[in-house]
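Throughout, residue positions are numbered sequentially from 1 according to the sequence presented. The model shown is predicted, which means the values in this text are computed figures rather than measured ones. Counting starts at 1 for both ligands and their atoms, in listed order.
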Amino acid sequence: MKRYRDIAGDGGSNIAGQVEAQQAKLRQRLASVGAIVAVVSGKGGVGKSALTANLACCFALDGWRVGVLDADLNGPTQAKVLGVRGRRLAMAAGGVEPPVNELGVKVMSMDLLLPGDATPLTWDAPIQDEAHTWRGSMEANAVREFLADTNWGTLDVLLLDLPPGIDRLATIASLAPIAGIVVVTIPSDVSHLVVRRSITAAAQTKAPVLGLVENMAGLFPGPDAARLAADAGIALLGRVPFDPALAVAADRGEAFVATAPYRDSVRALRRIADVVRAALSAPRAQSPS
Ligand SMILES: Nc1ncnc2c1ncn2[C@@H]1O[C@H](COP(=O)(O)OP(=O)(O)O)[C@@H](O)[C@H]1O
Ligand SMILES: [Mg+2]
């Protein structure tokens with residue numbers, strides 16, 4: 001077996017060149033994306049994906065060109081929630097054509113690549129037992145490829161639906177400039193316990209934390225999200241009430257904000273979308289170049 005010291009340079013693999021080429025492709029792709037917004041929560045099941053999809057639809061209704069990248073590689077739900085599940089991915093010049101939902105939202109998700117309903121995502125490693133060791137870097141590569149290889153076209157905003165846990169945010173922030181982070185909680189002590197740490201981690205990425213959304217408001221007599229936001233020094237963007245109709249629409253892949261504009265939950269979502277849009281348009285949210 002060769003050791004490092006036996007190999008001259010990088011052994012002819014030109015790793016530095018490959019990485020630079022990948023980065024250049026990513027930069028070029030993102031040059032036509034106005035702003036990238038990450039929706040995060042340390043907690044699972046709080047509605048990150050539902051919020052991402054609904055905000056995407058709000059922006060689309062307001063005339064923005066919108067993309068959604070499902071960065072939850074192990075639990076991808078955006079294709080389902082945005083109603084593009086089962087669409088075939090078309091290859092076109094320069095990349096993969098993302099399916100488009102009824103409001104024109106472009107969607108890319110691991111779900112569109114996995115065969116069948118029961119196939120979990122697995123990573124190939126030279127030795128399968130080592131796959132878990134490489135998982136972090138393979139996930140980062142997969143997200144980079146999704147970002148770079150999708151024909152997003154010109155977008156006003158690209159929303160990233162992140163998996164639960166906050167470590168992935170730092171990875172993504174190192175790949176692409178994040179113009180804003182939206183943190184999601186539900187009104188429970190358990191959620192606040194985790195989300196408080198998420199806010200700290202979000203702030204450490206240096207990307208602007210646009211604020212906190214309390215989702216499923218009114219479902220439990222839990223702690224006040226306004227207090228959590230104030231303690232953390234971030235804005236409370238709004239509260240989305242618990243609304244069974246929202247969950248039904250998500251399961252059906254319907255654009256709830258378009259079909260049920262009169263519901264309190266939709267009014268709340270549209271107000272939150274307005275605040276996010278205003279924040280993205282403000283100079284402070286411009287990503288550093
Ligand atoms: N405000 C809400 N009212 C009712 N159901 C909701 C609400 N927000 C999310 N849900 C539902 O709760 C479940 C979990 O939401 P999801 O977006 O998948 O969470 P996460 O992405 O944080 O894991 C889904 O079935 C979703 O449709
Ligand atoms: Mg999710």
Chemist: Is atom 9 (C) of ligand 1 in close reach of the protein, with a heavy atom under 4.0 Å away?
Modeler: yes

Chemist: When you measure from atom 18 (O) of ligand 1 to every protein heavy atom, which one gives the shortest distance, and what is it?
Modeler: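 In this structure, atom 18 (O) of ligand 1 has Ser49 CB, 4.1 Å as its nearest protein heavy atom.
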
Chemist: Is there a donor-acceptor pair under 3.5 Å between the side chain of Trp152 and the backbone N or O of Leu147?
Modeler: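 Pair found, side chain donor or acceptor close to backbone of Leu147.
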
Chemist: Answer yes or no: is there a donor N or O on one side and an acceptor on the other, between the side chain of Arg168 and the main chain of Asp72, under 3.5 Å?
Modeler: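 Checking the backbone N and O of Asp72 against the side chain of Arg168, no donor-acceptor pair under 3.5 Å is found.
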
Chemist: Compare Leu246, Thr52, Asp72, Leu269 and give the one whose heavy atom is closest to atom 6 (C) of ligand 1.
Modeler: Leu246

Chemist: Verify the contact flag for atom 21 (O) of ligand 1, where contact means a protein heavy atom under 4.0 Å away.
Modeler: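 Answer yes: something from the protein, a heavy atom, is under 4.0 Å.
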
Chemist: To the nearest 0.5 Å, how far apart are CE in Met108 and OG1 in Thr150?
Modeler: 4.0 Å

Chemist: Distance from Cys58 atom SG to Leu269 atom CG, nearest 0.5 Å?
Modeler: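 Rounded to the nearest 0.5 Å, the SG-CG separation comes to 5.5 Å.
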
Chemist: Among Asp243, Ile186, Val213, which one has a heavy atom closest to atom 4 (C) of ligand 1?
Modeler: Asp243

Chemist: Please round to the nearest 0.5 Å and tell me the distance separating atom CG of Asp70 and atom CG of Leu162.
Modeler: 9.5 Å

Chemist: Please say whether Asp251 places an N or O atom under 3.5 Å from an N or O atom belonging to ligand 1.
Modeler: no

Chemist: Going by the order shown, which atoms of ligand 1 are within less than 4.0 Å of some heavy atom of Ala247?
Modeler: 5 (N), 27 (O)

Chemist: Quick check: does Leu51 get an N/O under 3.5 Å from an N/O on ligand 1?
Modeler: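 No; the residue has no nitrogen or oxygen that sits under 3.5 Å from a nitrogen or oxygen of the ligand.
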
Chemist: I need the Ile181 CD1 to Leu210 CG distance, nearest 0.5 Å.
Modeler: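 It is 8.0 Å, given to the nearest 0.5 Å.
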
Chemist: Can Ser265 be said to touch ligand 1, with heavy atoms closer than 4.0 Å?
Modeler: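 For ligand 1, residue contact (heavy atoms, under 4.0 Å) with Ser265 is absent.
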
Chemist: Checking only N/O/S atoms, does Ser49 have one that is under 2.8 Å from the Mg ion (ligand 2)?
Modeler: yes

Chemist: Is it the case that ligand 1 has an N or O less than 3.5 angstrom from some N or O of Val46?
Modeler: yes

Chemist: Considering both backbone and side-chain atoms of Lys43, is one of its nitrogen or oxygen atoms within less than 3.5 Å of a nitrogen or oxygen in ligand 1?
Modeler: no

Chemist: Between CZ of Arg65 and CG of Leu155, what distance do you get to the nearest 0.5 Å?
Modeler: 8.0 Å

Chemist: How far is atom 13 (C) of ligand 1 from the closest protein heavy atom, and which atom is that?
Modeler: Met216 CE, 4.5 Å

Chemist: Are more than 12 heavy atoms from other residues, nucleotides or ligands located less than 6.0 Å from atom CD of Gln18?
Modeler: yes

Chemist: Using only heavy-atom distances, determine whether the side chains of Asn215 and Arg239 contain a donor-acceptor pair under 3.5 Å.
Modeler: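 Not at all, the side chains of Asn215 and Arg239 share no donor-acceptor pair under 3.5 Å.
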
Chemist: Please confirm whether Gly75 comes under 4.0 Å of ligand 1, counting heavy atoms of the residue only.
Modeler: no

Chemist: If you count the atoms of ligand 1 from 1 in the order shown, which ones are under 4.0 Å from a heavy atom of Ala250?
Modeler: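 By the 4.0 Å cutoff, the relevant atoms are 27 (O).
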
Chemist: When you measure from atom 24 (C) of ligand 1 to the protein, is at least one non-hydrogen atom found at a distance under 4.0 Å?
Modeler: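 Answer no: nothing from the protein, no heavy atom, is under 4.0 Å.
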
Chemist: Check Asn215 against ligand 1 and report side chain, backbone, both or neither, counting heavy atoms closer than 4.0 Å.
Modeler: side chain

Chemist: Identify the closest protein heavy atom to atom 14 (C) of ligand 1: which residue and atom is it, and at what distance?
Modeler: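 The closest heavy atom on the protein side is Gly45 O, 4.0 Å.
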
Chemist: Does any N or O in the side chain of Glu139 come within less than 3.5 Å of the main-chain N or O of Leu73, such that one atom is a donor and the other an acceptor?
Modeler: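 No; zero donor-acceptor contacts below 3.5 Å.
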
Chemist: To the closest 0.5 Å, what do you measure between OG1 (Thr185) and NZ (Lys43)?
Modeler: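 Taking OG1 in Thr185 and NZ in Lys43, the distance rounds to 9.5 Å.
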
Chemist: Which ligand 1 atoms does Gly47 reach within 4.0 Å, using its non-hydrogen atoms?
Modeler: 9 (C), 15 (O), 16 (P), 17 (O), 19 (O), 20 (P), 22 (O)

Chemist: Would Asn141 and Gln22 count as having a side-chain donor-acceptor pair, cut-off 3.5 Å?
Modeler: no

Chemist: Counting N and O atoms only, with roles assigned by atom type, does the side chain of Thr205 sit under 3.5 Å from a partner on the main chain of Ala201, one being a donor and the other an acceptor?
Modeler: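 No, the answer is negative, given that no donor and acceptor are paired below the 3.5 Å cut-off.
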
Chemist: Got the closest protein heavy atom to atom 26 (C) of ligand 1, with its distance?
Modeler: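 I find the closest protein heavy atom is Ala50 CB, 4.4 Å.
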
Chemist: Flag Pro244 as yes when one of its N or O atoms lies below 3.5 Å from any N or O atom of ligand 1, and as no otherwise.
Modeler: no

